[in-house]
Every structure is written in C-alpha cells, then in structure tokens.
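The shown structure was predicted, so the numbers you read here are calculated from the model rather than taken from an experiment. Chain letters run A, B, ... following the sequence lines, proteins first, then strands; residues in each count from 1.
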There are 2 protein chains.
Amino acid sequence: MRPTVHDIAAAAGVSLATVDRVLNQRPGVRHVTREKVETAIRELGYIRDVAAANLAKGRTYPLVFILPASDNSFMHGLNAEIRQAVLRSSAERTDIRTIEVPAFDPAALVSVLEELSREKPCGIALVATDAPGVRAVVDRLVRERFPIVTLVSDLTGSLRHHYAGVDNIAAGRTAARLLGRFLGPKKGEIAVLAGSMLVRDHRERLEGFTAVMAEEFPDLAILPVLEGRDDPEIAHMLVADALCRNAGIIGVYSLGAGNRGLIRALKEKAVDRVLTVIAHELTAHTRAALIDNTIDAILNQDAGHEVRSAIRVLKAKADGLAVIEAQERIRLDIFLKDNLP
Amino acid sequence: MRPTVHDIAAAAGVSLATVDRVLNQRPGVRHVTREKVETAIRELGYIRDVAAANLAKGRTYPLVFILPASDNSFMHGLNAEIRQAVLRSSAERTDIRTIEVPAFDPAALVSVLEELSREKPCGIALVATDAPGVRAVVDRLVRERFPIVTLVSDLTGSLRHHYAGVDNIAAGRTAARLLGRFLGPKKGEIAVLAGSMLVRDHRERLEGFTAVMAEEFPDLAILPVLEGRDDPEIAHMLVADALCRNAGIIGVYSLGAGNRGLIRALKEKAVDRVLTVIAHELTAHTRAALIDNTIDAILNQDAGHEVRSAIRVLKAKADGLAVIEAQERIRLDIFLKDNLP
DNA sequence: GATTTTTTGATTTACGTACATCAAAATTGG
DNA sequence: CCAATTTTGATGTACGTAAATCAAAAAATC
C-alpha cells in the first residue's frame with residue numbers, strides 16, 4: 001500500500017493539519033517542522049493521490065486554446081480535435097475554451113494573451129506566431145506560473161513549458177531525402193510552396209529541406225519559395241504559374257497548408273508531366289491526391305495527438321507533476337498510399 | 001456540474017441505496033424500479049466518476065503481460081517499456097506482472113493462459129502465436145469476461161477485445177513501395193529475411209510486400225524467403241550465404257528481428273555493392289546502420305505506445321468504458337536518417 | 001514575567017462512490 | 001387475511017485528500 005497523509009503525520013510526529021499545510025504550501029509552519037514533514041514525505045516515498053485530491057477539491061482545469069483563424073483543412077482538423085476533447089471534458093475534469101486570432105498577426109496574439117492573464121486559466125495552449133512581442137508575453141506568463149504549451153508551431157527561445165508539435169527541421173530534411181531518393185538519378189528543378197516565413201514551422205521545414213538538398217542531392221535545384229499564405233486560391237495561382245513558366249520542374253515540396261490549390265494546379269497543368277510531389281498534412285484532399293498518384297508522399301502531424309498531448313501536459317504542469325516524455329513526443333507521420341489510416 | 005448518484009435518486013424517485021443496487025448490478029431490485037433508474041441515468045447523462053469509484057473501492061488493476069522469451073532487441077525493448085509502466089503503477093492503480101513463454105510455441109502459451117484463467121487478473125495482454133489452440137483459449141477467456149488484448153502480433157479471427165500493434169499488411173506494402181521507389185528504374189532481385197511464418201505479423205508483412213511488388217514493381221524479383229527465427233546468428237548466416245551466391249541482389253527487406261546479424265552480413269559481404277535495404281524495428285543496431293547508410297529506411301512500431309495503449313484499453317474494458325479509437329491506433333513509424341527520434 | 005504573535009493540534013465536513021446493515025414497506029403465496 | 005418473502009429506504013462508514021475552525025501550545029516581543 002502506498003503511504004497516505006496519515007502515515008506522513010505519524011512518521012513526522014506532527015498532526016494531519018500540519019502535513020496538509022506543508023503539502024498545500026499554506027502558511028503557519030515553522031521552518032524546522034516543514035523540514036521534518038518533507039523528510040518524512042521523501043523517506044516514505046509519499047505521492048499525493050491526484051484522483052482523491054481532485055475529488056476533494058472539486059477541481060477542474062480551465063484550459064484555453066488559441067488558434068489562428070485560418071481557413072484550411074489542417075486548422076479545421078485541429079479545431080475538430082479540440083471539440084472532441086471538449087466532449088471528454090467532464091471525465092477529464094477539463095473546461096476547454098478556444099479563441100481564434102487573426103493568422104500571422106503577432107499583435108493580436110499578444111493582446112489576447114494579455115487579456116487571458118487576467119482571468120487565470122490553469123493552462124494555455126497556443127499556435128505561436130514567432131515574434132519577439134509574443135515571446136515576451138509568453139515568458140512573462142510563464143514567470144507568473146501559467147502553464148503554457150506551444151502547439152504545432154513553436155516560439156523561438158521562449159520559456160514555454162512544452163512544445164506539442166513535430167520537429168520541423170527533421171520534417172524538412174525527411175521531405176528532401178524522400179524527394180531526392182524518389183527522383184533517383186534525375187536532374188531538374190524543385191518548386192517549394194510555403195505558407196508564410198513568419199511562422200517558425202514553415203521556416204524550419206524549409207531550412208531542413210534546403211540543407212539536405214544541398215548536401216546530398218546537388219543535381220536538384222531549388223526554385224525561389226512560393227508563399228501561399230496557407231490559402232488554397234493563392235497556392236493555386238502560384239503553382240500554376242510556376243509550372244507554366246518552368247518546364248524544368250520535376251519535383252514539388254509543399255510545406256504548408258492550402259494544398260487544395262496545389263492539387264488543382266497539378267491536375268490542370270501537369271497531367272502530361274511526371275512530377276514527384278511531397279506535401280504536408282493529411283486531409284481529405286491530400287489523401288485523395290495520394291491515392292490517385294498526384295502526390296507521392298505526405299508528411300503529417302497528428303492533430304489529435306497534439307491536442308491530447310497539450311492537455312495532458314498542461315494538466316500535469318498545473319499539478320506540478322512529471323510527464324512521460326516519450327509519450328508526449330509528437331511524431332512525424334510519413335504516409336504513402338499503402339499505410340494510410 | 002455533472003450529475004451524481006444523488007441526482008439520479010432524486011430524478012428516479014428512489015433512494016440512494018436503490019440507485020447503488022442498479023449501478024453495481026446487485027440483486028433485490030424490481031424490474032420496473034430498475035427501469036426507472038436506468039431511464040433517469042440515461043436522461044441525466046450520468047457517468048460514474050471513475051476516480052471516486054476507484055477510491056471508494058480501493059481498486060487496483062492486476063494485469064498480466066505474456067511475452068515470448070526471445071533474445072532480440074525488440075523484445076528487450078518491449079520488456080523495458082513494461083518495466084517503465086510498472087514504475088508508474090502506483091499512480092495508475094495497476095499491478096503488472098509479466099510471464100515469459102517459449103517463442104513460437106502455441107502449447108506453452110495455451111497452458112499459461114489456462115493457468116491464468118484460475119487466478120482472475122483483470123486483464124491480459126499477450127504477444128500471440130497464431131494457432132487455433134491459442135485462439136480457442138483466448139475466445140473462451142473472452143467469453144468468461146476477461147479483458148484480453150493482443151500485443152505486436154494478432155490472433156486470426158479471435159474475439160480479443162483489441163489489438164495493440166501495427167497493421168502489418170500495410171507495413172509490408174509500405175516497405176515494398178519504399179524499396180521500389182528508392183530503386184527507381186533498376187532491375188534485379190530482392191532478398192527477404194523473416195523470423196518465422198508461424199507468427200501472423202511476419203506472414204502479413206510478407207503478404208503485403210509481395211502484393212505491392214507484384215502489382216507495381218515487376219522488374220524486381222523476390223527471392224525465396226529466408227527464415228532467421230529472429231536470431232542474429234541464423235540471420236547472419238542466411239544473409240551472408242544469399243549475398244555470396246546471388247550477385248543479382250539489389251535490395252533487402254528484413255521484416256523480422258535479429259537485424260544485428262543482417263547488418264553484420266551486409267558489412268562483410270556487400271561493401272562493394274550498392275544495396276537498398278529496408279528493415280523493421282528501430283534498435284541501437286538498426287539506428288546505427290541507418291546513420292552509416294547500411295540501411296535506407298526503418299519501419300518501426302513504438303513499443304512504449306503499444307504497452308501504454310494495451311494498459312489503457314485493458315483498464316477501460318475492465319471498467320466497461322469506451323476507448324478513444326484514434327488514440328489507440330498504433331502507427332507505423334517510418335524512419336529515414338533525418339527523422340530519428 | 002506578562003502579552004502578543006506564531007505555530008501546531010484536534011476535529012469536522014466535504015468530494016462522489018461503494019458497500020454493509022437494519023428496519024420498513026410492498027408484494028407474493030397459501 | 002396472515003405469514004413469508006422480496007423489495008426499498010434510511011443510515012453509516014470508508015476511501016485519501018482538502019479546507020476550515022477553534023483551541024492549545026510554543027515562541028517571540030516588550
């Protein structure tokens with residue numbers, strides 16, 4: 001049997017009330033007494049029964065998710081996963097709210113965060129726009145003991161407790177190697193479609209991609225990056241245009257969202273050409289394109305895992321508990337048409 | 001606030017004791033009364049607070065893991081993950097025990113299961129040897145209301161509640177496509193190294209692999225399968241022998257364990273040849289081989305996820321609760337040297 | 001040494017459920 | 001209709017922790 005507060009009280013030679021004061025950092029305990037209790041806790045290996053504690057406290061975990069208001073399948077999917085989590089909230093004692101902010105807009109994100117700091121949620125998850133202003137508020141909130149995790153896209157150099165997303169440099173590198181290996185001995189040009197260089201995940205993917213391309217596949221030349229702002233219409237225009245102008249394109253890497261537009265452009269302008277295409281994010285559109293051979297591989301981050309991981313981590317941080325690191329690592333999924341879920 | 005037993009009692013117009021009798025299927029409730037209570041439960045959307053219930057019951061979950069006594073890195077890793085889970089058992093109210101049985105030995109597995117049926121654990125996870133005798137006991141145990149999940153390798157047509165492992169047909173298909181795409185226009189022969197055709201996971205991987213090879217890569221010929229019994233020594237011998245005899249081999253698919261032997265053989269016999277190699281299971285050996293380009297891609301199942309998933313599912317089944325299907329799907333990891341964890 | 005302040009103890013209630021006991025009511029059998 | 005049986009209610013305790021109250025003891029201040 002694991003020890004209880006009663007065992008601690010007996011072992012330390014103090015009353016239950018004192019143990020409670022120590023455990024819940026309430027005032028009115030002398031330093032020496034506090035130490036006696038802490039020693040007993042350590043020696044007996046006491047671990048607070050979180051279930052019982054939550055029951056007694058009637059505790060719930062008010063959590064806030066801050067998402068960019070982007071109209072693409074990935075963000076819709078992320079939203080859907082959060083709604084799923086809301087359905088489970090009674091069992092998990094969570095109370096989840098989402099706030100949408102304009103995409104790629106640091107100032108809007110900052111003001112939302114400022115406001116949140118007043119209403120004291122017990123945890124915040126945000127898709128970070130990577131800007132110094134954002135980092136400043138996040139760091140301040142962390143210092144004020146708000147558990148904060150970044151979701152999908154991280155915040156450079158910030159104190160956030162955790163990042164629930166994939167390693168985007170590795171993702172870019174992986175895309176490059178897949179593209180290079182799939183193309184084999186062919187020489188030609190590679191078009192890269194990104195959302196915006198204002199978000200860190202896109203920058204990092206590009207960074208990884210170009211690094212491996214330069215190191216290992218010198219016969220493939222990367223064309224200037226097309227910035228589609230994760231918008232299907234803009235993406236369509238940019239890709240269609242590039243394909244028309246440049247007959248030397250033999251491969252495409254789409255590292256952002258808005259793949260609907262990319263796929264349409266490919267089907268319109270490249271029916272007669274053999275292109276090798278790698279895209280990010282598994283959605284209804286990219287899935288169909290993978291199956292009909294328009295896309296050769298999809299790199300994906302599982303939005304459901306990211307949301308559940310963010311919630312687990314925020315709850316754990318709120319309780320001052322450890323997390324299972326390996327469990328919270330968000331893996332890069334690679335889908336070919338054979339291993340689609 | 002979610003409804004409690006008190007709310008149910010009030011709504012149904014009965015006493016707390018009667019609600020309790022209904023909830024815990026105790027006798028002494030008239031049919032009509034029982035229905036009244038069940039209606040109230042449904043209408044208020046009552047969900048038992050599992051944490052409070054477990055607290056009251058002082059419940060623990062005695063779980064048993066049955067593993068083959070195989071001396072390879074994957075099984076060692078699986079064992080290590082179970083030990084990790086044991087460390088968490090006080091917090092998770094689990095009481096985990098593992099039993100080792102001889103590998104590829106249905107009779108041994110059956111007798112262990114028979115014995116377990118007497119001591120009533122609240123859940124069993126087993127790496128199944130796919131044999132009718134094993135299926136028969138498992139089905140009997142399921143009918144006797146033992147929660148059972150298969151781990152890593154499934155049991156054909158059985159009633160087990162859940163399978164915590166990857167889709168091995170998809171894994172084989174994926175391996176074939178990666179190999180085919182990496183080899184590009186080359187023609188030649190492919191060596192396949194398996195553990196044993198007695199376990200379903202290996203059979204399925206081979207099935208998926210040969211299917212895609214036949215459909216999509218007719219220029220690649222699959223040589224007769226080498227059965228290495230997941231043993232590094234045997235694997236080494238078989239692969240070295242095949243490489244010496246057959247100069248036409250341009251690719252290797254290792255779908256089982258014992259990759260230490262494979263890697264040694266490759267380094268000894270194929271330094272001067274350009275081979276494309278796909279192997280299963282990320283271990284210290286395969287990881288090193290991926291980094292030094294001896295292996296081109298590794299397909300992996302995350303043993304930690306499998307163990308944690310098995311535990312979650314067994315607990316949920318023991319409590320008669322639903323599981324989050326998407327969370328319990330074990331994904332096939334594809335590792336290139338760029339996305340190693 | 002008396003007074004104030006701080007620290008500690010003892011005790012109670014609560015959280016939501018499980019489970020046991022005993023009495024009261026309702027139903028059934030004869 | 002009475003007795004036997006079944007069903008239901010009322011009540012209390014327990015699980016491990018949180019949180020509050022009030023009294024008692026110890027320490028610090030003058």
Side-chain angles (χ1 to χ4, degrees), chain A residues 1-41 44-61 90-93 95 122 315 318-321, chain B residues 1-41 44-61 90-93 95 122 315 318-321:
Chain A
M1 281 305 277
R2 53 195 277 190
T4 74
V5 276
H6 296 86
D7 302 321
I8 303 299
V14 301
S15 76
L16 250 175
T18 302
V19 174
D20 181 67
R21 288 178 186 118
V22 173
L23 277 176
N24 296 291
Q25 17 227 14
R26 270 184 267 277
V29 184
R30 243 190 326 165
H31 187 66
V32 283
T33 318
R34 167 158 277 134
E35 295 225 309
K36 264 198 303 186
V37 175
E38 277 163 355
T39 305
I41 288 174
L44 296 189
Y46 169 81
I47 310 159
R48 177 201 248 104
D49 184 327
V50 184
N54 284 346
L55 177 60
K57 277 195 278 214
R59 161 152 217 181
T60 58
Y61 299 82
S90 81
E92 296 177 346
R93 310 189 101 88
D95 175 16
C122 88
K315 285 175 70 174
D319 290 334
L321 295 177
Chain B
M1 280 304 278
R2 53 193 278 191
T4 74
V5 278
H6 294 87
D7 302 318
I8 303 298
V14 301
S15 76
L16 250 174
T18 302
V19 174
D20 180 67
R21 288 178 186 117
V22 173
L23 277 176
N24 296 294
Q25 14 226 13
R26 271 184 265 278
V29 183
R30 248 191 320 166
H31 187 67
V32 282
T33 317
R34 167 159 276 134
E35 296 224 309
K36 263 198 304 188
V37 174
E38 277 164 355
T39 306
I41 288 174
L44 295 190
Y46 169 80
I47 310 159
R48 181 201 247 100
D49 182 328
V50 185
N54 283 347
L55 177 61
K57 277 197 278 215
R59 160 151 217 181
T60 59
Y61 300 82
S90 79
E92 297 177 347
R93 308 189 104 88
D95 175 17
C122 87
K315 286 176 70 175
D319 290 334
L321 294 178

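- Rounded to an integer number of Å, the gap from CG of B/Leu16 to P of C/dA20 is 16 Å.
- A straight line from CG of A/Leu44 to C1' of D/dG16 spans 15 Å, rounded to a whole angstrom.
- Between the CG atom of B/Asp49 and the C1' atom of D/dT17 there is a distance of 14 Å, given to the nearest Å.
- Between B/Asn54 atom CG and D/dT17 atom P there is a gap of 15 Å when expressed in whole angstrom units.
- Across all strands, A/Asp20 comes closer than 4.0 Å to base atoms (heavy-atom distances).
- Rounded to whole angstrom, the span from the NZ atom of B/Lys57 across to the P atom of C/dG16 amounts to 17 Å.
- When heavy atoms are screened at a 4.0 angstrom cut-off, A/Gly28 is found touching base atoms of the nucleic acid.
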Below 3.5 Å is the cut-off: list the nitrogen or oxygen pairs between protein and nucleotides 21-28 of chain D, distance only.
none

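- Closest to the A/Leu23 side chain, of the nucleotides D/dA18, C/dC15, D/dC15, is D/dA18.
- Out of D/dA14, D/dG16, C/dG9, the shortest distance to the side chain of B/Ala56 is found at D/dA14.
- In this structure, B/Arg2 has no salt bridge (Lys or Arg N to Asp or Glu O under 4.0 Å) partners at least two apart in sequence or on a different chain.
- Legend: residues meeting side-chain contact (heavy atoms from CB on, under 4.5 Å) with A/Ala51, ordered by chain and number and at least two apart, are A/Asp49, B/Ala51.
- A close approach under 4.0 Å does occur between a side-chain nitrogen or oxygen of A/Thr18 and OP1 or OP2 of C/dG9.
- By the 4.5 Å heavy-atom criterion applied to side chains, B/Val37 and B/Ile41 are counted as neighbours.
- Residues meeting the side-chain contact (heavy atoms from CB on, under 4.5 Å) test with A/Glu38, sequence neighbours left out: A/Val22, A/Arg34, A/Arg42.
- For A/His6, the listed nucleotide lying nearest its side chain is D/dT17; candidates were D/dT17, C/dC19, C/dT17.
- One atom, CD of B/Gln25, and another, C1' of C/dT17, lie 15 Å apart when rounded to the nearest Å.
- Put simply, CG on A/Asp319 is 14 Å from C1' on D/dA18, counting in whole angstrom units.
- Residues satisfying the salt bridge (Lys or Arg N to Asp or Glu O under 4.0 Å) test with A/Asp319, not counting sequence neighbours, are A/Arg59.
- We find that CZ of B/Arg59 is positioned 16 Å from P of C/dT17, with the value rounded to whole Å.
- Looking only at distances, a side-chain donor or acceptor of A/Lys315 sits under 3.5 Å from a matching main-chain atom of A/Glu92.
- For A/Arg26, the listed nucleotide lying nearest its side chain is D/dA19; candidates were D/dG16, D/dA19, C/dA18.
- In the set C/dT17, D/dA10, D/dT17, the nucleotide with an atom closest to the side chain of B/Val5 is C/dT17.
- Residues B/Arg93 and B/Gly13 each lie close to DNA chain D; by heavy-atom proximity, the contact nearer the 5' end of the strand is made by B/Gly13.
- Under the salt bridge (Lys or Arg N to Asp or Glu O under 4.0 Å) criterion, B/Arg48 pairs with no residue, sequence neighbours left out.
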